[in-house]
Structures are given as C-alpha cells and as structure tokens.
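Keep in mind the model is a prediction, meaning the values are calculated, not measured.
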Amino acid sequence: GVIETAHKAKSCISQAMRYAIATGRAERDPCPDLRGALPPAQVKHMAAFIDPVKVGELLRAIDDYSGTHVVCCALKLAPLFFCRPGELRHAEWSDIDLDAGEWTYTASKTKTPHLVPLAKQAVVLLRDLHRLTGHGQYVFPGNRSHDRPMSNMAINRALQAMGYDTKAEITGHGFRAMARTMLAERLGEDEKHIEHQLAHKVPDSLGTAYNRTKFLDQRRLMMQTWADYLDKLKAGAEVIFINQAA
C-alpha cells in the first residue's frame, strides 16, 4: 500500500538498469514492462494555514514559544523566507550578506543559484542570531553539535509543542504553501514573481539558470510587502481583501 515508495523504488531500479545497459552489464530495462501495474501516486499537499486570522494566531504563538533561541529564530524566519525546510536548516552564514539584505544558495530541487531578498524584519532577526551562531558555519546549528545543522524535525516538533497538528494544520513545509496562496490571493502579487521566489522552474527564454536575478527588484519589494503584511496579521490588524478595496 506504500504507493509513493514503490514508484521511487521503480525509478531507482530503472536508473540502475539504464546505467547497466550503457556499460554492457545488461541488455534491457524491465521497468517499462510495469507500466500500469502500479496505481498512480497520490499527490499530498502539506498542511498549511491560508486564513489570515489563523496565520495571525500562529505568528503570535511563535513569538510566545519558549524553545531554544536558534529554533525560535528559525520559526520566525521560516514564514519570511518560505524556502524549503532543508534549505532553511542548512543555511550558512557565508551565503548571507546582511548589509545587502540577500541570501544566496543553490536551490535543492532546481540545482540552480537562488537569491532570497531579505526583508528588514529578517535582517533584524539574523543580526540578533549572528551574535550567537555567527562564529560557526550554520545559521541554525544543531543542539548537540555546532558542526551540524539543526534536526530536520526541529521545526515540526516546535509546532507540535505549541499545540499544532503537523499532519492537519501546519508543517515546516507549509510556510511555502501559505506564502504562495496568500501572496497571490490576498496581496495580488504577480504569480511569476512568486514562482521565482519559491525557486520553482519557471519557463523563460533565458532558461532557469537566470532565475537568481530574474525579477529581483520586484521580488525584493514583494518580500518586504509580505513581511509587513505578516506583522499586521500578528498585531491583529483588520484584513482588507484586494478585490473588495474601492
């Protein structure tokens, strides 16, 4: 019944068989013969809040969380960056330019350089954290060893400690879906700018290798607008819907 794992296993076997054919170790790849034998994998959407009231409650809960300073900062920065959880926990100080307000790293999915313009709120949090972990490699080092990044379960465990169901309500990965949905539906941001900021592959005449600087000015403004919007939600400000504005 573990359909997704079965598809991954089939893909790995096929990859190995293609290599075997190329190196004279095998004559054919039998995996295509299984076409239709496995049910399609179910697409699972990560739990995420997209209601402004719920997001405001979450941000206030994060502010009140009493975990370690590193995990607290990671929780506060996750919605501001909305990068993949693995990219967040592997963030390195050498990739962050606080003066320029930029974080540059290689996106884990596209394997291309990716740039995150840092909102003013993010820079303030990072400068504070730098006093604690800036002497090491990782922005968010592990609790037991500063030579390793924090655990891949640290964010979800913190959310669970705050009383959230990470299967049905919010996960570390859910901050991406939250930003993706609300930037488009609540703030009216251009979907091309959002997709580039999410480090998704966006078809363009120059190719994905140029995504590092594509729409950089627009994305820088968008990231600041997003951070300011989150501050308003956290403060419990009245939410005005774009399509209702006169």
Side-chain angles (χ1 to χ4, degrees), residues 4-5 8 12 15 46-48 58-59 61-164 166-167 170-179 197-201 208-209 211-213 219 223 227 230:
E4 185 177 354
T5 301
K8 287 180 179 178
C12 289
Q15 206 171 11
M46 296 295 180
L58 171 63
L59 296 174
I62 289 174
D63 268 4
D64 292 337
Y65 179 62
S66 58
T68 67
H69 190 59
V70 168
V71 174
C72 286
C73 286
L75 279 167
K76 292 176 182 179
L77 287 164
L80 294 175
F81 291 164
F82 52 89
C83 58
R84 297 176 179 89
E87 295 164 350
L88 177 71
R89 71 187 191 91
H90 281 96
E92 299 185 15
W93 284 115
S94 59
D95 294 331
I96 294 177
D97 186 335
L98 291 174
D99 293 328
E102 295 178 352
W103 171 30
T104 306
Y105 63 92
T106 300
S108 58
K109 292 292 185 181
T110 61
K111 306 303 180 186
T112 56
H114 182 58
L115 190 150
V116 178
L118 303 176
K120 290 180 291 185
Q121 294 90 328
V123 172
V124 169
L125 287 167
L126 287 168
R127 288 193 186 281
D128 175 58
L129 184 59
H130 189 268
R131 291 195 288 267
L132 178 64
T133 69
H135 59 280
Q137 176 183 0
Y138 294 106
V139 178
F140 308 104
N143 217 12
R144 296 181 180 178
S145 172
H146 278 208
D147 296 327
R148 294 183 178 183
M150 68 180 184
S151 163
N152 61 350
M153 291 300 296
I155 294 291
N156 280 354
R157 284 172 180 161
L159 291 169
Q160 291 166 359
M162 287 186 278
Y164 288 104
T166 52
K167 291 184 178 179
I170 183 68
T171 69
H173 201 282
F175 290 114
R176 287 171 62 77
M178 182 177 83
Q197 193 52 58
L198 287 165
H200 286 165
K201 287 188 176 181
T208 54
N211 283 1
R212 178 178 181 273
T213 56
R219 288 192 287 125
M223 296 296 274
L230 292 180

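- To the nearest 0.5 Å, the span separating CG on L77 from CZ on F175 amounts to 10.5 Å.
- Checking side-chain atoms of H114 against main-chain N and O of C83 turns up no donor-acceptor pair under 3.5 Å.
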Could you go through residues 118-135 and list every donor-acceptor pair under 3.5 Å that involves a side-chain atom there, pairing it with any protein atom two or more places apart or in another chain?
residue : atom : partner : partner atom : Å
Q121    : OE1  : Q224    : NE2          : 2.9
Q121    : NE2  : D228    : OD1          : 2.9
Q121    : NE2  : D231    : OD2          : 2.9
R127    : NH2  : D99     : OD1          : 3.2
D128    : OD1  : R131    : NH2          : 2.8
D128    : OD2  : H69     : NE2          : 2.9
T133    : OG1  : W93     : NE1          : 3.0
T133    : OG1  : V139    : O            : 3.0
H135    : ND1  : L132    : O            : 3.3

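- From C73, atom SG reaches atom CD1 of I62 across 11.5 Å, with rounding to the nearest 0.5 Å.
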Give every donor-acceptor pair under 3.5 Å between a side-chain atom in residues 144-157 and any protein atom, sequence neighbours left out.
residue : atom : partner : partner atom : Å
S145    : OG   : D147    : N            : 3.2
S151    : OG   : M153    : N            : 3.0
N156    : OD1  : G172    : N            : 2.9

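- Between E92 and F140, every side-chain heavy-atom pair lies at or beyond the 4.5 Å cut-off.
- V116 places none of its side-chain heavy atoms less than 4.5 Å from the side chain of E102.
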Quiz item: Checking side-chain contact (heavy atoms from CB on, under 4.5 Å) for the pair M223/F82: CA distance, chi angles, key distance, verdict?
Solution: CA-CA 10 Å; M223 296 296 274; F82 52 89; 3.5 Å; yes
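- Taking NE2 of H173 as the start and CZ of R84 as the end, the distance is 6.5 Å to the nearest 0.5 Å.
- Under the 30°/60° scheme for interplanar angles, the aromatic rings of H90 and Y138 are found to stand perpendicular.
- What you find for A48 and G174 is that their closest heavy atoms are CB-O, 3.2 Å.
- Inter-residue side-chain proximity for W103 and L115 is flagged as unmet; no heavy-atom pair is nearer than 4.5 Å.
- Of the possible polar contacts, one joining the R176 side chain to the L198 backbone as a donor-acceptor pair under 3.5 Å is found.
- Listed by chain and number, the residues in a salt bridge (charged side-chain N to carboxylate O under 4.0 Å, His left out) with K8 are E4 (sequence neighbours excluded).
- Side-chain contact check for M178 versus P79: some heavy-atom pair is nearer than 4.5 Å.
- The two residues V71 and A158 have their closest heavy-atom pair at CG1-CB, 3.9 Å.
- Proximity of D97 to T104: side-chain heavy atoms (C-beta onward) are nowhere separated by under 4.5 Å.
- Here the straight-line distance linking atom CE of M162 with atom CG of L58 works out to 6.5 Å at 0.5 Å rounding.
- Atom CG of L75 and atom CG of L80 lie 11.5 Å apart (nearest 0.5 Å).
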